[in-house]
Structures are given as structure tokens and as C-alpha cells.
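In what follows, a single structure is set out as C-alpha cells and then discussed.
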Amino acid sequence: MELNDLERQRAEKVTRLQEANVAPYPHRSHRTHTTAQAIAAFEASVADGSPAPQVTVAGRVVSMRNMGKLMFAHIEDAADRLQLFIRSNDLGEDAFNLLKRTVDLGDFVEATGTMVRTRTGEISVQAETVTMLAKAITPLPIPKELEDEQGNITRFSAFSDIEERYRQRYADLAVNREVREIFRVRSRMITALRSWLDSHDYLEVETPILQPIYGGAAARPFTTFHNQLKQNLYLRISFELYLKRLLVGMYERVYEIGRDFRNEGVSYKHNPEFTQLELYCAYTDLYGIMETVEQMLAHVAEATLGSRQLSFAGQDIDLTPPWRRATLRDVIQQATGIDYVAYPDADRLRTEMRQRGYAAASDASWGHLVDTLLGEAEPHLIQPTFVHDYPVEISPLAKHKPDDPTHVERFELFVGGMEMGNAFTELNDPFEQERRFVQQGRAYEAGDQEAQPMDEDYLQAMMYGMPPNGGFGLGIDRLAMLFTDHRSIRDVLLYPHLRSRDQ
RNA sequence: GGCCCGCUAGCUCAAUCGGUAGAGCAGGGGUCUCUUAAACCCUUGGUUACAGGUUCGAGUCCUGUGCGGGUCACCA
């Protein structure tokens, strides 16, 4: 370990404790109360006139005010802070002086004593003993805080360097309480999703992450290799094909929450690995899925935030069903003035787009150009909106509309200007599915690296008969962004992907 | 990948036209038995991201590299 000056001073304090026969890292704590429980116990004793409770509390030292033979400190545990009122008289001179010479901000300590109210009215522990639980060596950037009459907290020189916060998330979490809350919200949100799905007869399953053939989405995969089997493998880009095989196997409602991996650009809304919910439901279709999604997410919002209304990027969003439904054609026409149906091939659509001042890559297929146009509309889709009826070219796993073979029964869900999810009436005709795979193969050979490879085993499954069904995929990270009002996916990932830094 | 911005003490930030690298907090030494951004006195701490260049002299100007942020492209 290479230590800087401050760390060296703290390491010396470890030695000082050892010399005084005090363990700097004792095996266990003897906490009897969390800080909140200690305060509650004190208030209860005041209410019924019983003697003030004796407690042992534990936590990280987050502030200290030393006054010679008297010391005030706050400790913080997972939820709250509590003041320690430490007097030389109560501890004994030796113990008090040792504490004074060895304790730093950031250390974990335990204090035993009686709950009291100090002269300024703050509920505190009047400590009889203060024990080191874990000496911190690297100083944590714990900011000073000022709380006004209304309880508003002003922080001074808070740890705010974005890069360091991501790289050393433990330090970020330790000193920025609101960051801890983000991940509590995220966890509640996922719990609520599971609970809703479980109570609607969905079975949670797990499917392979290491796959010999990837598929189910338009994306480039990560590749890896099994040494002993000498087998090339891909990290999954979606769960879709494995989940739909389970409908062949007579489960009617299945879902999985897990990680997808896509070997693509990193941005404020893309991380190389991200969390996805996919669900499949037999005997329903795209329109049934719309209702499922509305009900589910309205429930999740209430269970997580206590409301169906939320605020994201300065805009009020209402998740109360029913949600707006609009065709892709209408949405694009409203945003760009272009009716893509009137330009049914890539050359004509490209020309029209360029005339109207939109970028259109020379090598882009018609489907990609339509997708580019959707990108123009996306930022305007603030309230929850099901954008439905997509061109078949960019939807190889969806069933076409009964009256229009050029479009499929598919929607993408947009909220807050972000794409949140994607759903189809799932294709279950093995002959049609084979033609779509062949078409994708041609696209791949033509240079589309996101085209999906043929999956013979998936076709085999479908040939045994797959019930008509609807499926839905939801970006959990993006939902977390929405629920916590953060515009960067990195803010809702505990450990976002970052480049390695030179040592 | 293109373009723009950033990187200075443990943390948050200064540093004028290119002229001795500073402050607050944290740390160390003191005073102080009801403080709460405690206060007061003294004080340690720097490869200015890295490598090179221009210059008598570079945190500052130039080139390159790294990392991050933004944006465009890509990406359902």
C-alpha cells in the first residue's frame, strides 16, 4: 500500500491504538439501537416519564467539535445521524485523550451511554465509552453541513467530481446521502415490478447469458470463448428467443429481469451492460400488452414513489392509464412533416429527408432511415406514448398487420423523451420466421452488423407450435432514470462502465 | 469516431498580460467542559493528469497522449 501524508498519519494512529491495547479493527460491534431507534426510545421515555434509555449506537463519524475536555461528534448509520456528547469526566481522562488523539472523520465507532438532551435541545448520547470499530485510513470527503430553521441542508465543498464519484462509488455513497436514496428507489422499483408480475401469474425464469447464437435484438454482441469446450460464445443481447421457447413448453406467462450486453457506443443513455425486463404472455397480442404495461407501470410508480405523477427533466409526467397511442407514421409526420409511406424505398426517402434538412446516411437502408426520423420525434414524446405500427424491415420477430404486410404489430414505449420499451405481437409462424431470418442474413452480408443470425433451434421450437402471444421488453435503467429524475444512465448504475485509468 | 470543454493539495476552488503556485475545509501542534460550517493562535501538505516543444522564465502558449463531461454520429 502506498500511503499519502494524510493516510500515513492515520496509519500511525492505528499503531497508537495498538500500543494502548485498543483494537483498531475489533471483530464485532455490540450495537443495541440504530440512531433512529435510540432517538425514538428517548422520546418514548420522555413521553411516559421513565428514565432515559441506555443505548449502544454505532456508525461513521461525520462531524467533530472538540472543546478541550468536551467533545461533540455526530455519527451516521444507514438512515440517520445522532450526536455524541463526550466528556472527559464521563470517559476518564486517559480514554478521552486517547480518543481525541486517534479518532478521525470517517472512522466507524460505537458509543455506549445514556440518551440526553443537550442545552441547545439536541437529542444526544452522553457517552460513557466510545470504542473504535474500524479506523479509516483514507480521508473521506465528508462535507460540512448547515441546517437552517426549515431543515434545508446547505453543504460546503461536497464531493462532486463526477469521474471520481463513479470510479469510487463507495466514497460517493458514503458521503452523499441522496445518492444512496437513488439506489433505494431503484431497488423498490424492481421489487414492485416483480411483485406485480408475480401476482399476475407470471413465472420468473432465468435463461442463458452465454449463448452460442445471439438474437432477439438489433445489436452487436460481445464475444467470448469456452476453453475446455473450444466453443465460441456470445453474451446475450436479449432474452427474447429463449423466453419464447418456454411458451412452446407450455408456460403461459414468463418474465426475466437480468443483464443484457451490447457492444456499442456508450452515452448518457447507453451502458455496455444494462438491466432489462422481458415478459411474454400467451393468448394475448400487442393491444393486450399495452394494457398490461400501463397497469404495471402505474402500479410500480405508486408503490415506488407513492404517486403516478412524477417530474423528469423539469417536466411533469402522468403515468395514469390509458396512455396515448399513435402510429409511427403519424408521430414522424408530426415531428418532421415527412410521410415515410409516400417514399417506399431508401433512395426516395433519403432524397426527401435531405431536402428537408435531415441527415441521411448514404448507406442506410430504408428501415434505418425511418428509424432516424423516429429519432427526431423522440425528444417530443414526453407523456407516456405507445408508438405503434412499425415497418417490417426493422422488426424481424414481430407479426405483420393482418391488412398490411409492410407493417408489423409492434410498439415502442416513450416517456420523458426516452425510449423505455418495445413490444410485439410475436411472430409464431415458423415459415415466416425462417424467411425473416434469411432476409436478416442478407442484410448482414450487405454490411448491417446488427442484423440477426439464423437460429435453427429457435425455428425448431416454433415448429412444435407456439401459441399466439405478446411480448414486452423494458429498460430498467431508463425507468430508474425516470423515477429518480436523473438524465444520465450512469447516475442510476452503481458501477457504470468507465475506461481504465493509467496507474 | 468528429467537434467543444475540463483535469491545480485528501475535498471544493483561486492564480490578472507568460514572472515566487494560494485560500477555505480536512490534517498536525496549542487554548477551550453545551457545540453544531464551533471559535481563536500557530502549522504541514504540490511531478499543476502525462509526454514533449516554444521561451531567460510555462498552471498559463503550442503539439501529442490519457481520463472525464457535453454534443453530433452510431446505437431501438
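Naming convention: chains lettered A, B, ... in sequence-line order (proteins, then strands); numbering from 1 in each chain.
If you take atom C1' in A9(B) and the same atom in G52(B), they sit 26 Å apart, rounded to whole Å. Between C13(B) and U54(B), the distance separating the two C1' atoms is 30 Å to the nearest Å. The separation of U71(B) from C11(B), taken at their C1' atoms, amounts to 30 Å, rounded to a whole angstrom. Taking atom C1' on both nucleotides, C67(B) is separated from G29(B) by 39 Å, rounded to a whole Å. Taking the P atoms as reference points, G10(B) lies 34 Å from U55(B), given to the whole Å. Nucleotides C32(B) and C40(B), compared at atom C1', are 9 Å apart to the nearest Å. Taking atom P on both G45(B) and A21(B), the two are 14 Å apart, rounded to the nearest angstrom. Nucleotides G24(B) and C42(B), compared at atom P, are 11 Å apart to the nearest Å.
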Identify all pairs in which a protein N or O lies below 3.5 Å from an N or O of nucleotides 71-75 of chain B, and state each distance.
from	atom 1	to	atom 2	distance (Å)
C75(B)	O3'	Glu264(A)	OE2	3.2
C75(B)	O2'	Glu264(A)	OE1	2.4
C75(B)	O2'	Glu264(A)	OE2	3.4
C75(B)	O2	His270(A)	ND1	3.3
C75(B)	O2	His270(A)	NE2	2.3

Within the sub-3.5 Å range, which N or O atoms of nucleotides 37-40 of chain B have a protein N or O partner, and how far apart are they?
from	atom 1	to	atom 2	distance (Å)
A37(B)	O4'	Glu145(A)	O	3.4
A38(B)	OP1	Lys144(A)	NZ	2.9
A38(B)	OP2	Arg65(A)	NH1	3.4
A38(B)	N6	Asn66(A)	O	3.1

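At a cut-off of 3.5 angstrom, counting only N and O atoms as typed in the model, there is no donor on one side facing an acceptor on the other between the side-chain of Glu122(A) and the base of U35(B). A donor-acceptor contact under 3.5 Å is formed by the side chain of Thr118(A) with the base of U35(B).
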What does the B/S/- profile of nucleotides 6-13 of chain B look like, 5' to 3', with a 4.0 Å heavy-atom cutoff to protein? ----BSS-
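Nucleotides of RNA chain B nearest to Gly121(A) and Ile394(A) differ in position, and the one nearer the 5' end is that of Gly121(A).
In this structure, Gln334(A) and His380(A) have side chains that are not in contact, with every pair of non-hydrogen atoms separated by 4.5 Å or more. At a threshold of 4.5 Å between non-hydrogen side-chain atoms, the residues Ile489(A) and His270(A) do not count as touching. Leu397(A) places a side-chain heavy atom less than 4.5 Å from the side chain of Gln433(A). At least one side-chain heavy atom of Arg10(A) sits less than 4.5 Å from a side-chain heavy atom of Pro139(A). You'll find the side chain of Asp404(A) stays beyond 4.5 Å of the side chain of Asp389(A), heavy atoms only.
Residue Arg16(A) has no polar side-chain atom (N or O) positioned under 4.0 Å from OP1 or OP2 of G28(B). The side chain of Arg101(A) contributes no N or O atom lying less than 4.0 Å from OP1 or OP2 of G28(B). The shortest distance between the side-chain N/O atoms of Arg499(A) and the OP1/OP2 oxygens of G68(B) is below 4.0 Å.
A distance of 6.0 Å or more separates the ring centres of Tyr280(A) and Tyr255(A).
Phe424(A) comes within 4.0 angstrom of a base, heavy atoms only. Among the protein residues, Arg167(A) comes within range of the sugar-phosphate backbone only, with heavy atoms under 4.0 Å from sugar or phosphate atoms but none that close to a base. Using a 4.0 Å heavy-atom criterion, one finds that Glu7(A) contacts no nucleic acid atom at all. Tyr390(A) comes within 4.0 angstrom of nothing in the nucleic acid, heavy atoms only. Counting non-hydrogen atoms under 4.0 angstrom, Arg410(A) reaches a base of the nucleic acid.
Between Arg180(A) and Glu76(A) a salt bridge is recorded (basic side-chain N to carboxylate O distance below 4.0 Å). A salt bridge is defined here as a Lys NZ or Arg NE, NH1 or NH2 lying under 4.0 Å from an Asp or Glu carboxylate O, and Arg155(A) with Glu145(A) meets this definition.
Glu376(A) is linked by a salt bridge (Lys or Arg N to Asp or Glu O under 4.0 Å) to nothing, counting only residues two or more places apart in sequence or in another chain. Residues satisfying the side-chain hydrogen bond (donor to acceptor under 3.5 Å, both in side chains) test with Asp80(A), not counting sequence neighbours, are none. Applying the side-chain hydrogen bond (donor to acceptor under 3.5 Å, both in side chains) rule to Arg490(A) yields no partners; only residues at least two apart in sequence or on another chain are considered.
In this entry the distance linking CD of Glu93(A) with P of C32(B) reads 12 Å, nearest Å. Between the CD1 atom of Ile86(A) and the P atom of C32(B) there is a distance of 19 Å, rounded to whole Å.
The side chain of Leu70(A) sits closest to U33(B) out of U33(B), G69(B), G68(B).
Annotation: Lys401(A), atom NZ; neighbour count of heavy atoms from other residues, nucleotides and ligands within 6.0 Å is above 12.
Using a 3.5 Å distance cut-off with no hydrogens or angles, the side chains of Glu122(A) and His74(A) do pair a donor with an acceptor.
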